[in-house]
Amino acid sequence: MKSYKMKRLARLVLAGTALAASCLTAAPVTFAADAAAAAAAPEAGLHVDQVGYLTGHEKKAVVKDSGETAFSIVDAATGATVYEGKLSAAKLDALSGERLRQADFSALRKAGTYRLKVGAQTSYPFAIGDNVYAKPAVYAWRSYTLARSNTPIDDPVTGLRLAGGHPQDKAAEVYFTDALNKKGDKLDATGGWYDAGDYGKYMTTAAIASAQLLMAYEEEPGHFRAGQLVFPKGVKAEKGLPDALSEVKFELDWMQKLQRKDGSTFHKVAGMQWPGFDKSPDTDTQPRFVFGNCSSSSAMYGASLAIGARVYAPFDARYARQLRKNAERVWSYLEQHPEPLYRTDEGQESGSGPYNKATDLEERIWLAAEMFRTTGDKKYEAYLKKVSDRFTQKPGFYTWDNCLALGQYAYLSAAGADPLLTGQVRRAFLGYADELLAKTEKDPFGCALSAEEYTWASTKNALTEGSLLLMANRIAPKPAYVEGALSQLHYLFGRNSLDKCFMTGVGSNMPLHPHNRIHESTGAYVPGLVVGGPNHVSGGDPDQTKYLESGKIPIAKSYLDVLMSWSTNEYAIDYIAPAAYLLSYFAEPAAFTADTLK
């Protein structure tokens, strides 16, 4: 479980900020004393994707058994019945603790806005159409724009106004002394996205988030264009680039500032204290420091640059060469330093999360595979053969501390790969995809999560599993892979036992109190943030722990929409990335304006 406890110990100090936070938010904040009541709000028991369903794909809802055996789909405006059907037999779902039935209305293909009706109950409204996910897709990508550090923002969509957060990043202090730096050295660490509900900037999540966004573009370039993200005042689009690539470049440019002379990277930029919830990015004036050195995050950085070298080449050959050169520098460093490294200095986790990993093999594999795909140089394939025992194993869903699946996918997508090694990797990768598909088809909600995967960032876990199904479809096309991937978006947007959209600003029942200092300090509500979701690991945060101890809480319902439940209701840039990846496949560009995005 270590990968989902990455910030827990370092962030226990946050519990002490709850009282101060309660007077700073524009909306009421619920804490541990009434968290159980907040989570136990009445449910209709009609679970639909509150955004909608694509015309040519499966359309299923989930119904809590009430004895009814039939359902209808009614026009949301007129109440007129447009479709009737029979519910499936009721089955007990162990994860939600409920007996559930399914309503399948895949045959309904007429565009419109509808509700599911069972007996006297009706569901939240939902749309059917060819492009129902266009707005959530823009929200997801725009959330990165609104998380830019050191950037003046005046956003007409959300009302967010910032003078430009953390100007002190211009002279951030190196926190340690080694052969390359002395403690107190100044470094320009401006740029990049704030990681999550705090104001830290971490190489680990920056790399894996950027990589997934670049992959989204690489695989569906026709789904992106200039002007698509309706950039706010203060944010300048890069000339000649689609908005999506302009946004990712902002992060890549920051990451490159943290690359050291020997090819490795610093690990993170943050302050020594967690800011209070009254502190916006432009009022958090504490000194900022550059911490740590970590071989796994350096490898991930190199992998993201290798992808960028391919993606930016048609637009800016010089920039693409720079990315490739810096990725090669990482590889050279890792060749000269075969032992994994995670440097930690006393006090460095007092105001930021560790993202600690003591090994780095999976990240080296990912880097080697991306470099082989980008350059065709057989030396990278030779390394993959050298570590083939690990490289050819069945992967899990990829996370910041296990990138094996990304390495396998990159290799399977490369030209000129060794047929024997390709066959071994293909069997492992597609075997895992088939397991995910089987879980999705067995689960009444179509969610790929098994019980042990309801950890910190469970929403991200499900979305990542959906992303892997899309990747499998590119390796071995199968309509069921696409439907399984889409099913994880249905889970994200409310087809779950809580009827909860786990993305801010989307659907009828969205998170209202995400663990986010920008929200709390400014009063602005940023859409497109993916929150962690149900987390059944006791000890995640004080509110969540007390809620789990209040009774026998079903695994799939162990979520609190309260400010201080950072283990279930915080967002992070790497939580949003697989949502953006999936949405970028299923959504076409649409002509939004600031007014239509409000």
Side-chain angles (χ1 to χ4, degrees), residues 203-219 221 245 248-249 251-252 255-256 259 263-265 294-314 319-335 360-388 390-392 395 397-418 421-422 425-426 428-429 464 467-468 470-472 474-475 574 577-578 581:
M203 183 62 71
T204 307
T205 48
I208 198 167
S210 296
Q212 291 173 81
L213 299 181
L214 290 169
M215 290 165 64
Y217 178 86
E218 186 172 36
E219 295 174 6
L245 294 189
V248 181
K249 186 177 182 295
E251 185 78 341
L252 295 177
M255 289 194 288
Q256 290 178 91
Q259 187 163 17
S264 69
T265 60
C294 175
S295 54
S296 67
S297 62
S298 293
M300 293 167 65
Y301 158 77
S304 67
L305 264 58
I307 302 171
R310 301 193 300 266
V311 169
Y312 287 94
Y319 186 66
R321 287 193 299 270
Q322 173 188 315
L323 295 176
R324 173 173 168 171
K325 179 180 178 181
N326 284 335
E328 289 170 339
R329 290 176 59 215
V330 177
W331 182 257
S332 295
Y333 165 80
L334 292 172
E335 279 191 313
D360 62 13
L361 178 56
E362 294 80 14
E363 291 65 51
R364 289 175 186 253
I365 285 172
W366 182 29
L367 172 58
E370 294 291 2
M371 290 300 288
F372 176 66
R373 184 179 178 187
T374 298
T375 69
D377 192 325
K378 289 288 184 178
K379 72 179 181 181
Y380 301 111
E381 186 178 57
Y383 173 80
L384 296 173
K385 291 180 177 180
K386 181 180 176 182
V387 297
S388 62
R390 179 64 177 131
F391 185 42
T392 58
F397 58 83
Y398 58 85
T399 73
W400 62 264
D401 70 346
N402 185 352
C403 297
L404 178 61
L406 291 174
Q408 291 177 335
Y409 179 62
Y411 186 71
L412 293 173
S413 304
D418 178 85
L421 186 58
T422 296
V425 174
R426 180 187 174 97
F429 189 86
T464 299
S467 298
L468 283 166
L470 275 190
M471 295 174 196
R474 293 189 178 278
I475 301 301
D574 62 318
Y581 178 86

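A distance of 7.5 Å separates CG in Leu406 from CD1 in Ile307, rounded to the nearest 0.5 Å. In this structure, CG in Leu404 is found 9.0 Å from CD in Glu363, a value given to the nearest 0.5 Å. Put simply, CG on Leu361 and SG on Cys403 are 11.0 Å apart, with the number rounded to the nearest 0.5 Å. Here the CG-NZ distance, from Leu384 to Lys379, works out to 13.0 Å after rounding to the nearest 0.5 Å. Taking CZ of Arg373 as the start and OG of Ser413 as the end, the distance is 4.5 Å to the nearest 0.5 Å. For the atom pair CG of Leu470 and OH of Tyr409, the computed distance is 8.5 Å after rounding to the nearest 0.5 Å.
With hydrogens and angles ignored, the 3.5 Å screen pairs no side-chain donor or acceptor of Ser210 with any backbone N or O of Ala207. Panel note: side chain Arg364, backbone Leu334; a donor-acceptor pair is recorded below 3.5 Å.
By the side chain to side chain contact (heavy atoms under 4.5 Å, CB included) test, Arg329 is found to be paired with Gln259, Asn326, residues two or more places apart in sequence or in another chain being considered. Legend: residues meeting ring-ring contact (aromatic ring centres under 6.0 Å, His included) with Phe429, ordered by chain and number and at least two apart, are absent. Every side chain to side chain contact (heavy atoms under 4.5 Å, CB included) that Lys385 has, sequence neighbours left out, goes to Glu381, Asp418, Leu421. Under the side chain to side chain donor-acceptor pair (under 3.5 Å) criterion, Ser295 pairs with Asp360, not counting sequence neighbours. Arg321 meets the side chain to side chain donor-acceptor pair (under 3.5 Å) test with no other residue; sequence neighbours excluded. For Phe372, the ring-ring contact (aromatic ring centres under 6.0 Å, His included) partners are Tyr411, not counting sequence neighbours.
In this structure, the side chains of Leu213 and Tyr217 stay at 4.5 Å or more apart for every pair of heavy atoms.
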Does Glu362 form a side chain to side chain contact (heavy atoms under 4.5 Å, CB included) with Tyr398? I'd like the steps, not just the answer.
CA-CA 10 Å; Glu362 294 80 14; Tyr398 58 85; over 6 Å; no

Lys325 and Leu305: side chain to side chain contact (heavy atoms under 4.5 Å, CB included), yes or no, with the steps?
CA-CA 9 Å; Lys325 179 180 178 181; Leu305 264 58; over 6 Å; no

Evaluate side chain to side chain contact (heavy atoms under 4.5 Å, CB included) for Tyr319 paired with Arg324, printing each intermediate quantity in order.
CA-CA 9 Å; Tyr319 186 66; Arg324 173 173 168 171; over 6 Å; no

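Met371 approaches Ala306 most closely through the heavy-atom pair SD-CB, 3.5 Å. Nearest heavy atom pair, residue Gly302 against residue Leu367, reads C-CD1, 3.4 Å.
Less than 6.0 angstrom separates the ring centroid of Tyr383 from the ring centroid of Trp331.
A side-chain N or O of Glu219 and one of Tyr581 form a donor-acceptor pair less than 3.5 Å apart.
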